[in-house]
Amino acid sequence: MNLARCLWMSVLIAVPSLAIAQQPAEVPKGEVTKYTFDQSKMFPGTVRDYWVYVPKQYDPAKPACVHVNQDGVQFNAPAVFDQLIAAKEIPVTIGVFIMHGRVKAASDQAIDRFNRSYEYDGLGDNYVRFLLDELLPEVEKQTAADGRPIRLSKSSNDRSIGGTSSGAICAFTAAWERPDAFCRVFSGIGTYVGLRGGNVYPTLIRKYEPKPIRIFLQDGSNDLNIYGGDWWMANQEMERSLVFAGYEVKHEWGDGPHNGQHATKLFPDAIRWLWKDWPAPVKAGLGSPPLQQILIPGEDWKLVADGYRFTEGPAANAKGEVFFNDIPNNRAYKIGLDGKVTPFAENTNQANGQSFGPDGKLYAAAKGAMAIVTYDNSGKPSTFASGIPGNDLVVRHDGNVYVTQPGRNGEPNIVWHIDPKGAKREVDRGLVRCNGITLSPDQSLLYVADAGSHWVYSYQIQPDGSLAHKQKYYHLHVPDTADDSGADGLRTDRDGRLYVATRLGLQVCDQAGRVNCIIPTPNRRITNLCFGGEKFDTIVATCVDKVYKRKVKSRGVHAWAAPVKPTAPRL
């Protein structure tokens, strides 16, 4: 069998056939209606067919649960839903069965552009945004054949999504990216291999804080084994990763090839399981051991304040009070131990990163003034060093300061050292875009985030304050939607872990330079963090226009305090 035919077998078995299996007369039969959608802004120029199944029991007075399927109508789903809804084994559910898009050729001398792999195999939130912002609202513009308006529930707990092959990984990606929109996934012969990056899922699943997703996996030992990977092995690796991370997962393995026969046979039981206990919500597991060492069950992110333009530079003083900047508005704020946010300083000259020093003063990189300034307890500023358009900084317990200066428009990226008297000198340059900066708990090493790559650099600090033995040391994960990690603020805890603010959330690394776990923040873009609170066991995260906090088991260390020697890492 040639390669093209192998890859498209799942499509061939998925081409919608609206012939519904024979049913007993007493089972109310829903209706299936075909539509075409060609107004996508997410996938411009595409045209696609979709089908909507409306069960007989649907009452428009109450928004219905929703099942979305890629590659159109599969698994005799309408007939299955008729049976399961009649038996009250699943809630009243409207099915939306969608084909992938294609861009029609300009003439008969050219071929259409087929979007299936682009839409389905690609990671990121493009497809789920297409569903939520375009296709499902379009469905709600339609009416059933008898004139009933279509109303779909917006609750994740009322939605399932599925498919086969590339349609299966697409379903999982939709739930992975937006568990607030889909939490029940049916995956048949899933393409979790290296076509467009899906092979990273087993690793990410193990590291990410678990999401409230329930998933049913199916595959066969004679599935594809081609240039992109081994489907059979990849599905087993997915199942093992999901179990390791504490997800609610069930699987059925067989010996079939890359087709939908086995998935069709087990689909009714799989759907029953996915919807079991409804309307009880699907819950997230506790996660991997590294996550369990940090996170407290039941403790989630809590909003501290919002309404800012761009927050940065969280820094904690000896009391555990946290100070942060709103850069465009040139203001600094203080979060008291009681959680109240009050103004601290005005006209901060676009102050960005900041850190307390051993003298109790708050040091800030005031880019607008091209200076490092200090603030006393009243918020009065003084210039400490000038001529540095800094981004972030850290102050050692002995008063030495290190500052990052990211280059713009071809300018060099510089790491500065400033001695306790304010004398400055360059100690490194050459990073793509130097950004966050902090010290190891024992203060022997300097860590610098390179936001333009997937590295955090490690340097050994010499007795005179210079840097030696530069290494690309911490290897970070990069989202499929970006070319770099966007690494920003850095902090360490008493156990030697490094916390890195990245595009994926907080990536937590061990001392050996490996990402052990990833903790996403509510609006994923986190710019910086610090440990605050009386025991320094609360992570305070600046997230663009918002500030969040989360109590954890770990305790942060601060460079203004005496060095702490952590236990050596397991290698």
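Keep in mind that the numbers below use all heavy atoms, side chains included, and drop hydrogens, waters and symmetry copies.
- Minimum interatomic distance between Cys183 and Pro212 (heavy atoms only, all atoms of both residues): CB-O, 3.1 Å.
- With sequence neighbours excluded, the residues forming a side-chain contact (heavy atoms from CB on, under 4.5 Å) with Thr46 are Ser40, Phe43, Arg48, Val103, Asn115, Glu119, listed by chain and number.
- Not counting sequence neighbours, Tyr459 has no partner by the ring-ring contact (aromatic ring centres under 6.0 Å, His included) test.
- The shortest heavy-atom contact between Ala568 and Gln511 is C-NE2, 4.3 Å.
- Considering only heavy atoms from C-beta on, Asp450 comes within 4.5 Å of Arg433 through its side chain.
- Counting only N and O atoms by type, the side chains of Asp121 and Ser166 include a donor and acceptor under 3.5 Å apart.
- Residue pairs meeting the salt bridge (charged side-chain N to carboxylate O under 4.0 Å, His left out) criterion with at least one member in residues 480-489, sequence neighbours excluded, are Asp484-Arg503.
- Because its NZ or CZ atom is both nearer than 6.0 Å to the ring centre of Tyr457 and within 45° of the ring axis, Lys470 counts as a cation-pi partner of that residue.
- Legend: residues meeting side-chain contact (heavy atoms from CB on, under 4.5 Å) with Arg494, ordered by chain and number and at least two apart, are Arg555, Val557, Val564.
- Taking the six-membered ring where the residue is Trp, the centroids of His558 and Phe536 are separated by under 6.0 Å.
- When all heavy atoms of Leu476 and Cys509 are compared, the closest pair comes out as CD2-SG, 4.0 Å.
- Within the structure, salt bridge (charged side-chain N to carboxylate O under 4.0 Å, His left out) contacts touching residues 509-518 (residues at least two apart or in different chains) are Asp510-Arg514.
- For the pair Ala175 and Val185, the tightest heavy-atom approach, listed with the atom from each and the gap, is CB-CG2, 3.5 Å.
- Across all non-hydrogen atoms, the minimal contact from Gly188 to Ala168 is O-CB, 3.5 Å.
- Here the side chains of Thr311 and Asp545 are not in contact, with every heavy-atom distance at 4.5 Å or above.
- For residues 491-512, the set of pairs meeting the ring pair (Phe, Tyr, Trp, His ring centres under 6.0 Å) definition, not counting sequence neighbours, comprises Tyr499-Phe531.
- Between the side chains of Thr502 and Gln507, at least one donor-acceptor pair of N or O atoms lies under 3.5 Å.
- Note on ring orientation: taking the six-membered ring where Trp is involved, the planes of Phe81 and Phe267 are tilted (angle from 30° to 60°).
- By the salt bridge (Lys or Arg N to Asp or Glu O under 4.0 Å) test, Arg178 is found to be paired with Asp180, residues two or more places apart in sequence or in another chain being considered.
- Among all heavy-atom pairs drawn from Arg116 and Ser165, the shortest one is NH2-CB, 4.1 Å.
- In this structure a side-chain-to-backbone donor-acceptor pair under 3.5 Å is missing from Glu299 to Arg550.
- A donor atom on one side chain and an acceptor atom on the other are not found under 3.5 Å apart for Trp301 and Thr521.
- Ring centers of His454 and His475: under 6.0 Å apart, within the cut-off.
- A tilted orientation is assigned to the rings of Phe130 and Tyr127, their planes being inclined by 30° to 60°.
- Side-chain contact check for Cys530 versus Phe324: every heavy-atom pair is 4.5 Å or farther apart.
- Heavy-atom neighbours of Lys302 NZ from other residues, nucleotides or ligands within 6.0 Å: at or below the threshold of 12.
- Taking the six-membered ring where the residue is Trp, the centroids of Tyr447 and Tyr474 are separated by under 6.0 Å.
- Using the six-membered ring where Trp is involved, His100 and Tyr120 have ring planes that are perpendicular, over 60° apart on the 30 and 60° scheme.
- A donor atom on one side chain and an acceptor atom on the other are found under 3.5 Å apart for Tyr192 and Ser187.
- Screening residues 243-266 for salt bridge (charged side-chain N to carboxylate O under 4.0 Å, His left out) gives Arg214-Glu248, Glu248-Lys276 as the qualifying pairs, with residues at least two apart or on separate chains.
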Using atom types as modelled, flag every donor-acceptor pair under 3.5 Å from a side chain in residues 280-291 to any protein atom, sequence neighbours excluded.
residue	atom	partner	partner atom	Å
Ser288	OG	Arg206	O	3.4

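- Asp442 pairs by the salt bridge (Lys or Arg N to Asp or Glu O under 4.0 Å) definition with nothing, not counting sequence neighbours.
- A search for salt bridge (Lys or Arg N to Asp or Glu O under 4.0 Å) contacts involving Arg196 returns nothing, not counting sequence neighbours.
- When each of Asn222, Thr164, Asn225, Asp223 is paired with His258, the side chain to side chain donor-acceptor pair (under 3.5 Å) condition holds for Asp223 and for no other.
- A 6.0 Å sphere centred on NZ of Lys207 holds more than 12 heavy atoms belonging to other residues, nucleotides or ligands.
- Two residues are said to be in side-chain contact when any heavy atoms from C-beta on lie closer than 4.5 Å; Tyr50 and Glu138 meet this criterion.
- Lys472 meets the salt bridge (Lys or Arg N to Asp or Glu O under 4.0 Å) test with no other residue; sequence neighbours excluded.
- Outside the 6.0 Å centre-distance limit, the rings of Tyr53 and Phe97 are not counted as a close aromatic pair.
- Heavy-atom neighbours of Tyr118 OH from other residues, nucleotides or ligands within 6.0 Å: at or below the threshold of 12.
- Put simply, OH on Tyr208 and NE2 on His477 are 9.0 Å apart, with the number rounded to the nearest 0.5 Å.
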